[in-house]
Amino acid sequence: MTTTGTEIGKDRARLEANLGKVEALTQRLLEALARRKPVNTALSGPEPELYAKAAQAYWQEWMQNPAKVFEQQVSYWGKSLHHYLEAQQALAGGSLTPPADTGPTDRRFSNPLWDSHPYFNFIKQQYLISAEAIRNAVDEIEDMDPREKRRLTYFAQQIIDMMAPTNFFATNPDALQKAVETEGESLVRGMENLVADLEANNGELVVRLADEKAFRIGENIATAEGQVVWRNRLMELIQYAPTTDKVRETPVVLFPPWINKFYILDLKPQNSLIRWITDQGYTLFVASWVNADESYRDVGLEDYIEEGYLTGIRVAREICGTEQVNAVGYCIAGTTLALTLSLLKKRGDTSVKSATFFTTLTDFSDQGEFTPFLQNDFVDGIEAEVAKTGILKSFIMARTFSYLRSTDLIYTPAIRHYMMGETPPAFDLLYWNGDGANLPGRMTMQYLRGLCQRNEFSEGRFKLLGEMLDIADVDVPLISIAAEGDHIAAWTDCYRGVQKMGGRSKTFVLAQSGHIAGIVNPPSKKKYGHYTHNDLSLSAPDWKAAAAFDQGSWWPTWEAWLRKRSGKLVAARSPGDSAHPPLCPAPGEYVRAKATA
């Protein structure tokens, strides 16, 4: 079918009309940006001294070994020029076929035009050549403190990722094609998405990862049946309804991290660890933490321990009529569970029969991928922020975690959402990821200074509640589940912490996948396996090399371990009792509070 001049004119008119809408949206954009409050610059990048040290190290290398530096530069110039000449020769010969592409496979460049179109291919190749040159230059810097070099490597990679041609409309074939195909409608939708996100976050750019309208807490997410049986200023304690006629005598009290909401363990019935635990015949209590505001500025780890852990353990014991509980801690809540166990040891309290740790760090001697964010320039910036606001705002933490995987969690979603005008997916995990919580100022600094920077707990000198807490005091029977691909709590660091814990009954399990998928891995999915081995005297690499691999989920392995420490079967318990009457149905009220930028 031949396109007529009239049809072309109509298409052009629609395009011009949509471009006009983009201009009109610009005013709303500027108004939203005007509401943005200045953020401490220390939270946005390293202090200039880091780059000065890198420049000094590079200059020393130049003076001491100029041939090596010239070799780097000439190699970069040569590759760039060689590729340019190849492209020129192809065009001069009347061919629109680009030179052979030997670059690495990269999901960002999946559009065939990156390989077949001379313009896009040239841009991609030059970007990859430049990225390689930057990495090589950083890698070969000598006479620089290893920790500072690790930071420099990280920030250099951030610059590389930020400058990818896919992040710019004029050099993104997917976005350009979409704009042409929709007569500019995709640009209008993208601008509307951008403005809406800025308006929703007081001018702060927080890229939405999921369609928030698709989920309603307590209706189609976090729907396991139960009752809030205790509430104080820090937590609601939920007791879940039994799903079996008989349950194990010793209850399970689970403490999730308060950086995010507890319902990561109850996204939907098919992958709910909460439902699975009750289905195995256990009485389960779960803490739902408050979303802190400025009034919580003086709340510290000691308050979380006393009003959260010790209170939760006490209430569970009273309701169930038992002397002990089996405690579970996930991530930072696992770290705090370890602090609690050390405190109980000092006090001669045996309320906890066994402990389970999910992706838990207790030894911070190696700061791993968080090294860039745990140096004084960043931590000083956080300290100034919490001194001013009383809390560490959720969006600051979310941004930090996102930049550990910036291509997947920032740039790719932003491209789809803003350049291409797509609606974020209705994905429950990503919805949960965006539903963060604020942290109290005092607790934040205790964690960053005392635990992360000074590693005081691992070294037996973390003072809290009048006691000197020591990792060696954690001597109850314990099991630790770490995740092989975890970039937040590296499994080797989790393993090292378990090695330092006291007691003889210690079990370590290494799950496949990462910080979330490694834990939320129901047996029915048959997706990720796990490793087990009993000899924890081995180094982490030797432990893994000697470990047995099971293709199934670690959940049944843990339940078999837990069952041995959970007593006889008794009649199932309904939530609450006369002294602890149900206050409201699960998932409670605290979980519904939203953090804003």
Side-chain angles (χ1 to χ4, degrees), residues 226 229-230 232 235 237-242 244 246-256 265 273-274 276-278 280-287 304-330 333-358 360 362 465 467 469-481 498 501-507 509 557-580:
V229 294
W230 181 266
N232 59 27
M235 74 163 182
L237 188 66
I238 302 170
Q239 181 181 356
Y240 282 91
T244 56
K246 298 284 187 178
V247 295
R248 294 288 166 181
E249 183 178 26
T250 305
V252 176
V253 185
L254 193 158
F255 299 98
L265 302 175
L273 179 60
I274 286 173
W276 190 84
I277 292 172
T278 57
Q280 308 315 303
Y282 293 90
T283 302
L284 176 64
F285 296 83
V286 176
Y304 276 89
I305 290 175
E306 289 192 311
E307 299 178 42
Y309 289 74
L310 299 184
T311 297
I313 291 167
R314 174 182 59 79
V315 171
R317 289 173 52 221
E318 290 173 354
I319 290 175
C320 297
T322 61
E323 293 297 320
Q324 294 181 305
V325 305
N326 290 314
V328 183
Y330 190 173
T335 306
T336 310
L337 174 59
L339 296 174
T340 304
L341 293 171
S342 176
L343 178 69
L344 292 177
K345 173 73 173 181
K346 299 286 188 183
R347 293 178 173 179
D349 188 322
T350 59
S351 298
V352 175
K353 190 173 186 178
S354 77
T356 299
F357 300 99
F358 295 163
T360 293
T362 48
L465 292 166
E467 301 287 355
L469 303 185
D470 188 338
I471 193 173
D473 289 331
V474 180
D475 61 358
V476 301
L478 66 89
I479 184 171
S480 174
I481 295 90
V498 171
M501 292 177 181
R504 297 181 179 179
S505 179
K506 298 189 289 187
T507 302
V509 177
T557 299
W558 172 56
E559 193 278 325
W561 180 92
L562 186 64
R563 191 188 322 136
K564 296 176 183 178
R565 294 157 179 85
S566 298
K568 63 185 179 183
L569 289 170
V570 299
R573 305 160 172 128
S574 298
D577 61 12
S578 58
H580 308 87

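Every residue two or more places apart in sequence or in another chain was checked for a salt bridge (Lys or Arg N to Asp or Glu O under 4.0 Å) with K246, and none qualifies. Checked against salt bridge (Lys or Arg N to Asp or Glu O under 4.0 Å), K506 has no partners two or more places apart in sequence or in another chain. Here S480 pairs with nothing under the side chain to side chain donor-acceptor pair (under 3.5 Å) rule; sequence neighbours left out. For R563, the salt bridge (Lys or Arg N to Asp or Glu O under 4.0 Å) criterion is met by E559, not counting sequence neighbours. Qualifying salt bridge (Lys or Arg N to Asp or Glu O under 4.0 Å) partners for D470, counting only residues two or more places apart in sequence or in other chains: none.
I479 contributes atom CD1, which lies 9.0 Å from atom CZ of F358 (distance to the nearest 0.5 angstrom). Atom OG1 in T350 sits 9.0 Å away from atom CG in L344 (nearest 0.5 Å). In this structure, the separation between CG on L562 and NZ on K353 is 9.5 Å, given to the nearest 0.5 Å.
At distances below 3.5 Å, not a single donor-acceptor pair connects side-chain atoms of S342 with backbone N or O atoms of T340. Side chain of T311 to backbone of E306: a donor-acceptor contact under 3.5 angstrom is found. A distance-only check finds no donor-acceptor pair linking the side chain of Q239 to the backbone of T283 [under 3.5 Å]. At least one donor-acceptor pair under 3.5 Å links the side chain of Y309 to the backbone N or O of A333.
The list of salt bridge (charged side-chain N to carboxylate O under 4.0 Å, His left out) pairs with a residue in residues 307-323, not counting sequence neighbours, reads R233-E307, R314-E318, R317-E323.
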Item to check | side chain to side chain contact (heavy atoms under 4.5 Å, CB included) evaluation trace for I319 with R573 | outcome: CA-CA 9 Å; I319 290 175; R573 305 160 172 128; 5.8 Å; no

Item to check | Full working for side chain to side chain contact (heavy atoms under 4.5 Å, CB included) between L265 and V286 | outcome: CA-CA 10 Å; L265 302 175; V286 176; 5.8 Å; no

Checklist entry - Does the pair T278 and T244 meet the rule for a side chain to side chain contact (heavy atoms under 4.5 Å, CB included), with working shown? => result CA-CA 7 Å; T278 57; T244 56; over 6 Å; no

Next on the checklist: The test is side chain to side chain contact (heavy atoms under 4.5 Å, CB included); show your working for T322 and T250 and say whether it passes.
Outcome noted: CA-CA 7 Å; T322 61; T250 305; 5.6 Å; no

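Across all their heavy atoms, L465 and L343 have their closest contact at CD1-CD2, 3.5 Å. When all heavy atoms are compared, the tightest approach of V328 to L337 is C-CD2, 3.8 Å. Between R565 and P477, the closest heavy-atom pair is NE-CB, 3.7 Å. Closest approach of L478 and V498 over heavy atoms only: CD1-CG1, 4.0 Å. Of all heavy-atom pairs spanning P242 and P575, the tightest one is CD-CD, 4.4 Å. Pairing each heavy atom of L341 with each of A355, the nearest pair is CD1-CB, 3.6 Å.
With 3.5 Å as the limit, one finds a donor-acceptor pair spanning the side chains of S566 and N326.
When the options W558, Y330, W561 are evaluated for a side chain to side chain donor-acceptor pair (under 3.5 Å) with T356, the one that passes is W558.
Note on ring orientation: taking the six-membered ring where Trp is involved, the planes of W230 and H580 are tilted (angle from 30° to 60°).
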